[in-house]
Amino acid sequence: MKNTTKVMMAATLAVGTLAAGCQTTTPSVTAPVTQPITSEALQAHNWQLVDAKRTNGEKVTQLFIDSAKPLTLNFMNVDGNNRVAFMNTCNNLAAEYSVVNGDVKLNNVLATMMACPEPQASFDTATMATVQGKYSINNNANNVPILSIRNDNKVAHFKAVSK
């Protein structure tokens, strides 16, 4: 009986090894996965600007005046209302937003009216021009969600950061 068990185990091991050796592997190419734009997806993180370029490929330098304080979008729900705050701007900028058929619509933009010096004044102006457009979320090669906003003039990319 012991010999039969040994022979069966050896045969199973041999067949398993042979089958594993005959398998071919093809490298998996993972395409970026687009996530649907929802309030929940937007509110899951803060979104920190990492890149912004005009359609001609030129960097939008007005958005990169202080690397220690990058433009950051904070989507939230306040008393049942969806809001987004634009952090690190000179003036306090915020807006109500809605997601309609996967498109983000900003409404009732609110701003304090401080007389900001340059380059902060240009940063605020560039911020409002940048956040208007078509939003999409994909994961980068490190599986970090990236929020992209495209409009006729530029494309901006924001990485997900903890709230």
Side-chain angles (χ1 to χ4, degrees), residues 23 25-163:
Q23 292 178 348
T25 58
T26 55
S28 65
V29 177
T30 306
V33 177
T34 301
Q35 301 174 24
I37 294 292
T38 63
S39 290
E40 293 78 13
L42 293 170
Q43 292 174 19
H45 312 279
N46 279 342
W47 301 93
Q48 188 176 85
L49 183 67
V50 292
D51 187 42
K53 293 193 174 134
R54 293 184 174 81
T55 52
N56 66 2
E58 179 183 307
K59 186 174 185 173
V60 183
T61 57
Q62 295 87 345
L63 292 171
F64 298 93
I65 61 171
D66 185 350
S67 61
K69 295 181 180 181
L71 174 60
T72 302
L73 311 182
N74 179 8
F75 290 88
M76 65 196 102
N77 188 289
V78 178
D79 298 327
N81 296 310
N82 288 327
R83 310 230 0 113
V84 58
F86 308 106
M87 299 164 58
N88 297 323
T89 54
C90 178
N91 282 289
N92 293 321
L93 303 173
E96 292 179 1
Y97 80 91
S98 59
V99 178
V100 179
N101 297 323
D103 290 327
V104 175
K105 305 291 182 197
L106 300 179
N107 306 308
N108 301 327
V109 175
L110 304 173
T112 58
M113 299 299 286
M114 294 189 298
C116 299
E118 287 300 332
Q120 290 88 356
S122 292
F123 181 85
D124 287 7
T125 301
T127 293
M128 293 315 301
T130 299
V131 298
Q132 305 284 342
K134 177 72 176 162
Y135 286 57
S136 62
I137 299 176
N138 294 295
N139 286 1
N140 69 9
N142 296 325
N143 209 29
V144 174
I146 300 293
L147 173 66
S148 298
I149 306 174
R150 295 179 185 278
N151 60 41
D152 291 340
N153 302 312
K154 66 183 75 72
V155 60
H157 301 285
F158 298 79
K159 71 177 179 178
V161 294
S162 297
K163 286 195 168 212

For the residue pair N82 and Q43, confirm or rule out a side-chain donor-acceptor distance under 3.5 Å. yes
Any donor-acceptor pair under 3.5 Å linking the side-chain atoms of N108 with those of E96? yes
Show every ring-ring contact (aromatic ring centres under 6.0 Å, His included) that has at least one partner inside residues 105-131, sequence neighbours left out.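 Pairs touching residues 105-131 that pass the test: none.
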Set of residues satisfying side-chain contact (heavy atoms from CB on, under 4.5 Å) with respect to A52, sequence neighbours excluded: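 Scan of A52 (side-chain contact (heavy atoms from CB on, under 4.5 Å), adjacent residues dropped) gives L49, V60, L63, F64, A156.
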Interatomic spacing from NZ in K134 to CD1 in I149 - rounded to 0.5 Å: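 Taking NZ in K134 and CD1 in I149, the distance rounds to 12.0 Å.
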From NE2 (H45) to CG (L73), nearest 0.5 Å: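 Output value for this atom pair is 13.0 Å.
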Set of salt bridge (Lys or Arg N to Asp or Glu O under 4.0 Å) partners for R54, sequence neighbours left out: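 R54 satisfies salt bridge (Lys or Arg N to Asp or Glu O under 4.0 Å) with E58 once adjacent residues are dropped.
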Y97: partners by ring pair (Phe, Tyr, Trp, His ring centres under 6.0 Å), with sequence neighbours left out: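 Result, ring pair (Phe, Tyr, Trp, His ring centres under 6.0 Å) vs Y97: F75.
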Which residues pass the ring pair (Phe, Tyr, Trp, His ring centres under 6.0 Å) test with H157, sequence neighbours left out? none
Result of checking T72, D51, L71, I137 against F158 for side chain to side chain contact (heavy atoms under 4.5 Å, CB included): L71
Would you say T112 and N92 make side-chain contact, with heavy atoms under 4.5 Å?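 Touching, per the 4.5 Å side-chain cut-off.
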Residue pairs, two or more places apart or on separate chains, that pass disulfide bond (SG atoms under 2.5 Å apart) and touch residues 52-101: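 Residue pairs with at least one partner in residues 52-101: C90-C116.
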Kindly determine whether T89 and D124 satisfy side chain to side chain contact (heavy atoms under 4.5 Å, CB included), including the steps that lead there. CA-CA 6 Å; T89 54; D124 287 7; 3.2 Å; yes
Are more than 12 heavy atoms, taken from residues, nucleotides or ligands other than D152, located less than 6.0 Å from that residue's CG atom? no
